[in-house]
Asker: 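First the structure, which I've put down as structure tokens, then a few questions once you've had a look.
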Amino acid sequence: MEIRCSPGAALVFGLWWCVPGLALSPFVFWQSLAAGAVFVLGWCGAALLTCRVRLGSLRGRVRAGELSVSRGVLFQTTRRMPTRFISGVTRLETPLLRRFHASLVVVHSPAGALLLPALDADDARRLESALTGGRP
């Protein structure tokens, strides 16, 4: 089974990354109106582009007792987790993510947690079912 990032969900995460820039913008608008506008447009544009590119590179695969997730544009990283060590799976769907048919999935193990943002909702349900052995 393969999992991928949903383009709509990448847009949602990009919008979430716009919030810190909007919170900082009054300090730049205080300097001048033009500087504030350039800052807000630059921050939001960079956030949307970065999330789109970074989350678009997310690829996951469940096979033969192992979950492997790779991501990265310039430097590809892969994380492998044996399924026998997975202690739980949490699937989060906010109203905005539900609108874009996406989910945020956290895979728990004794060694740590693996965050899988912006998965397609159907892929997230299948992944949750595969990793928990069909248990809800």
Side-chain angles (χ1 to χ4, degrees):
M1 177 176 95
E2 291 199 17
I3 53 176
R4 293 176 167 250
C5 171
S6 167
L11 175 67
V12 172
F13 280 90
L15 291 174
W16 285 351
W17 276 109
C18 289
V19 172
L22 294 175
L24 292 173
S25 67
F27 299 105
V28 181
F29 275 112
W30 177 60
Q31 302 296 321
S32 74
L33 185 63
V38 168
F39 175 78
V40 168
L41 289 174
W43 182 287
C44 291
L48 291 171
L49 180 67
T50 303
C51 282
R52 175 81 175 187
V53 171
R54 176 81 168 136
L55 292 176
S57 70
L58 179 84
R59 303 284 185 266
R61 180 176 290 155
V62 178
R63 61 188 145 139
E66 178 181 77
L67 168 66
S68 64
V69 177
S70 64
R71 62 181 114 188
V73 179
L74 187 58
F75 299 106
Q76 189 82 17
T77 60
T78 302
R79 181 159 180 198
R80 291 183 174 89
M81 185 180 292
T83 55
R84 68 176 182 260
F85 294 124
I86 293 175
S87 59
V89 177
T90 304
R91 185 169 42 97
L92 174 70
E93 290 182 347
T94 64
L96 190 57
L97 281 173
R98 236 179 275 126
R99 165 76 174 88
F100 284 96
H101 195 65
S103 295
L104 170 75
V105 177
V106 182
V107 179
H108 305 279
S109 75
L114 177 63
L115 180 69
L116 300 171
L119 292 182
D120 184 63
D122 295 332
D123 284 347
R125 282 187 204 96
R126 284 187 293 149
L127 178 68
E128 182 181 28
S129 178
L131 294 179
T132 59
R135 298 182 312 263

Asker: Is there a path from Phe39 to Leu48 through hydrophobic residues (I, L, V, M, F, W, Y) whose side chains come within less than 4.5 Å of each other?
Answerer: no
Asker: Got a second to check how far Leu115's CG is from Leu104's CG, nearest 0.5 Å?
Answerer: 5.0 Å
Asker: Arg61 side chain to Ser68 main-chain N or O, any donor-acceptor pair under 3.5 Å?
Answerer: no
Asker: Is the backbone of Arg71 close enough, under 3.5 Å, to the side chain of Thr77 for a donor and an acceptor to pair up by distance?
Answerer: yes
Asker: For Arg59, does the CZ atom have more than 12 heavy-atom neighbours from other residues, nucleotides or ligands under 6.0 Å away?
Answerer: yes
Asker: Minimum heavy-atom separation for Leu131 and Leu67, please, with both atom names.
Answerer: CD1-CD2, 4.1 Å
Asker: Rounded to the nearest 0.5 Å, what separates atom CG in Leu114 from atom CE in Met81?
Answerer: 5.0 Å
Asker: Provide the closest heavy-atom pair for Thr83 versus Glu66 in the form atom of the first, atom of the second, distance.
Answerer: CG2-N, 3.7 Å
Asker: Kindly determine whether Phe13 and Leu97 satisfy side-chain contact (heavy atoms from CB on, under 4.5 Å), including the steps that lead there.
Answerer: CA-CA 9 Å; Phe13 280 90; Leu97 281 173; 4.0 Å; yes
Asker: Tell me the closest heavy-atom pair linking Arg54 and Gly72, and the distance in Å.
Answerer: NH1-CA, 3.1 Å
Asker: Check whether any side-chain heavy atom of Glu128 lies under 4.5 Å from a side-chain heavy atom of Val105, and answer yes or no.
Answerer: no
Asker: Could you report the tightest heavy-atom contact between Ala23 and Pro26, atom names first, then the distance?
Answerer: O-CD, 3.3 Å
Asker: Looking only at heavy atoms, which two atoms of Cys5 and Leu55 are closest? And how far apart?
Answerer: CB-O, 2.9 Å
Asker: Tell me whether Val19 is reachable from Leu15 by hopping between hydrophobic residues (I, L, V, M, F, W, Y) whose side-chain heavy atoms are closer than 4.5 Å.
Answerer: no
Asker: Drop me the distance from Arg4's CZ to Asp123's CG, to the nearest 0.5 angstrom.
Answerer: 9.5 Å
Asker: Do Val38 and Leu33 sit in the same hydrophobic cluster, where Ile, Leu, Val, Met, Phe, Trp and Tyr count as joined when their side-chain heavy atoms come under 4.5 Å apart?
Answerer: no
Asker: Side-chain contact test, heavy atoms from C-beta onward, threshold under 4.5 Å: evaluate it for Leu127 versus Leu116 and give yes or no.
Answerer: yes
Asker: Within the distance-only criterion (no hydrogens, no angle test), does the side chain of Ser6 pair as donor or acceptor with the backbone N or O of Asp120 below 3.5 angstrom?
Answerer: no
Asker: Measure across Ala130 and Met1 and return the closest heavy-atom pair with its distance rounded to 0.1 Å.
Answerer: CB-CE, 4.4 Å
Asker: For Ser25 and Leu22, indicate whether the former's side chain and the latter's backbone hold a donor-acceptor pair under 3.5 Å.
Answerer: yes
Asker: Treating Ile, Leu, Val, Met, Phe, Trp and Tyr as nodes and any side-chain heavy-atom pair under 4.5 angstrom as an edge, say whether Leu11 and Leu119 lie in one connected cluster.
Answerer: no
Asker: Does a sphere of radius 6.0 Å around CZ in Arg126 hold more than 12 heavy atoms from other residues, nucleotides or ligands, not counting ones at 6.0 Å or beyond?
Answerer: yes
Asker: Check the hydrophobic clustering (I, L, V, M, F, W, Y; side-chain heavy atoms under 4.5 Å; chains of links allowed) and say if Ile3 and Val106 are grouped together.
Answerer: no
Asker: Donor-acceptor pair, Trp17 side chain versus Trp43 backbone, under 3.5 Å?
Answerer: no
Asker: Counting only heavy atoms not in Arg125, do more than 12 sit closer than 6.0 Å to its CZ atom?
Answerer: yes
